[in-house]
Amino acid sequence: MAVSRLTAAVCRQFQRVVTVSSHTQPQCATQAFSRFHLCQRRQTYDSWWFRSSMNNRALHTSCVRKGLEEFFDLPENWGEQTVKSGAPWTAKQLRVKSNEDLHKLWYVLLKEKNMLLTVEQEAKRQRLPMPSPERLKKVERSMKRLDTIVTEREDALRLLQTGQERGRPGEWRRNVFGKTFWYRFKEHPIPWYLNSRYKRRRFFEPSHVAPYTRLSLEKYLRSKMRKDKRQKRNQKRLAAMFPKKTALA
Amino acid sequence: MLGNPQLRIFRPTFNLTLVRPGKEQPPDTVQFRIPLEMTKFDVRNYLEKIYSVPVAAVRTRIQYCTNKKRNHLNQRVKRPDYKVAYVQLAQQQTFQFPDIFPEKDQKHEEGSVEEMQEKFMEDERQRQKSDPRRGGVTEWFGL
């Protein structure tokens, strides 16, 4: 209970940080987020706002290097065997966020992924084990979930505004081999009847292919029938092994 | 204005990997591995907008990786190709690839598995060492 209140307070704090800094510099604001709620690993809020005074670790010869520093982990994590990291973002957590927050989170996750890939490649180069490789999977899953939620929102908006189910128009067509597939339209500067390369691509099946289409259809139906029969047989066997009378008793 | 509108990508899916250069590079050059579909302009905009790194020049090349290796079923296995970008930084900035895996003295907890393993390895090493009383003379010389 106390933990949830703490997380809610921390979330609210981050929301405030995001709204305050959004009109100043989006890049600084991205660092306010991290992959999980309780920002243990990086004191990103601190390091970005007070970078020059605190923890000024000089890595390289020349001046401002905060750009390329983001390709590497925090210097205190170099050489560690394991690096602590939190849980990935779930779809439920992401659905609550606004579009601006999701946009910023995408870039945070992207930079984190670049950093992890850099560390992975360097570990392979030095022939050493990469510290905590599960972080990569977590980031990839978070990004995938973020993408699904953004597409959900886009689909909903498009359906409400235009009634179109898909963003890119297309239609079902039959190719030369008799297979039906979803053809996605491309943009061309000329109509199709002037496009010689498009005309060579036939979207009908020739008459001698029809028997093979029929055979493949029969094969598919046969396999479906076999699967249904197998399932029914299995259910019957289980019902014979565990009749309902014993369950009630 | 002629032509299609400017292509803008929101939420890019490109991943850049900073790599240590195999051959000696000038001090202002940074080496990246980028997806095959990225161009020099993409790399420049990516670094300038997302990482705020000033870029002077970008040169790319495609590294072809072997399709000759075979697996246990004697099938050819392709190692995926990748594109390498050599980015030169503007404003006379330099970059030196840091040492990400420095040697650190690990102190394991008392009674943990790693501590026992370390002790075991130490004992093994002691056993393998020759008798110090022989003064560096090998076992080949009898007595």
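Chain letters run A, B, ... following the sequence lines, proteins first, then strands; residues in each count from 1. What you see is a predicted model; the values in this text were computed from it and never measured.
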Practice problem: Flag the pair Phe14(B) / Tyr46(B) as yes when their ring centroid distance falls below 6.0 Å, and as no otherwise. | Solution: no
Self-check item: Portion of Val150(A) that has a non-hydrogen atom of chain B nearer than 4.5 angstrom
Solution: side chain
Quiz item: Looking at Val30(B), Asp99(B), Ile100(B), Leu47(B), which has the largest count of heavy-atom pairs under 4.5 Å with chain A?
Solution: Ile100(B)
Quiz item: So which of Leu146(A), Leu102(A), Leu110(A) has the biggest tally of heavy-atom pairs under 4.5 Å with chain B?
Solution: Leu110(A)
Quiz item: Side chain, backbone, both or neither: which part of Gln81(A) has a non-hydrogen atom closer than 4.5 Å to chain B?
Solution: side chain
Exercise. Mind jotting down which residue pairs meet the salt bridge (charged side-chain N to carboxylate O under 4.0 Å, His left out) criterion with at least one end in residues 8-21 of chain B? Sequence neighbours excluded, please.
Key: Glu122(A)-Arg20(B), Asp147(A)-Arg11(B)
Quiz item: Among side-chain atoms of Arg95(A) and Gln93(A), is any donor-acceptor pair under 3.5 angstrom?
Solution: no
Practice problem: Count the heavy atoms of every other residue, nucleotide or ligand shown that sit under 6.0 Å from NZ of Lys199(A), and state whether that count exceeds 12. | Solution: yes
Quiz item: What option among Asn4(B), Leu18(B), Thr13(B), Val19(B) has the most heavy-atom pairs under 4.5 Å with chain A?
Solution: Leu18(B)
Exercise. Examine whether an atom of Pro27(B) lies under 4.5 Å from a heavy atom of chain A, and if so say whether it belongs to the side chain, the backbone or both; otherwise answer neither.
Key: neither
Quiz item: Can you check whether Asn15(B)'s main-chain N or O pairs, donor with acceptor, with Lys113(A)'s side chain at less than 3.5 Å?
Solution: no
Quiz item: Tell me the salt bridge (charged side-chain N to carboxylate O under 4.0 Å, His left out) pairs involving residues 159-173 of chain A, sequence neighbours left out?
Solution: Glu171(A)-Arg173(A)
Self-check item: Top contributor to chain B contacts, counting heavy-atom pairs under 4.5 Å, from Gln121(A), Glu120(A), Met143(A)
Solution: Gln121(A)
Quiz item: So what's closer than 4.5 Å to chain A heavy atoms on Phe32(B): side chain, backbone, both or neither?
Solution: side chain
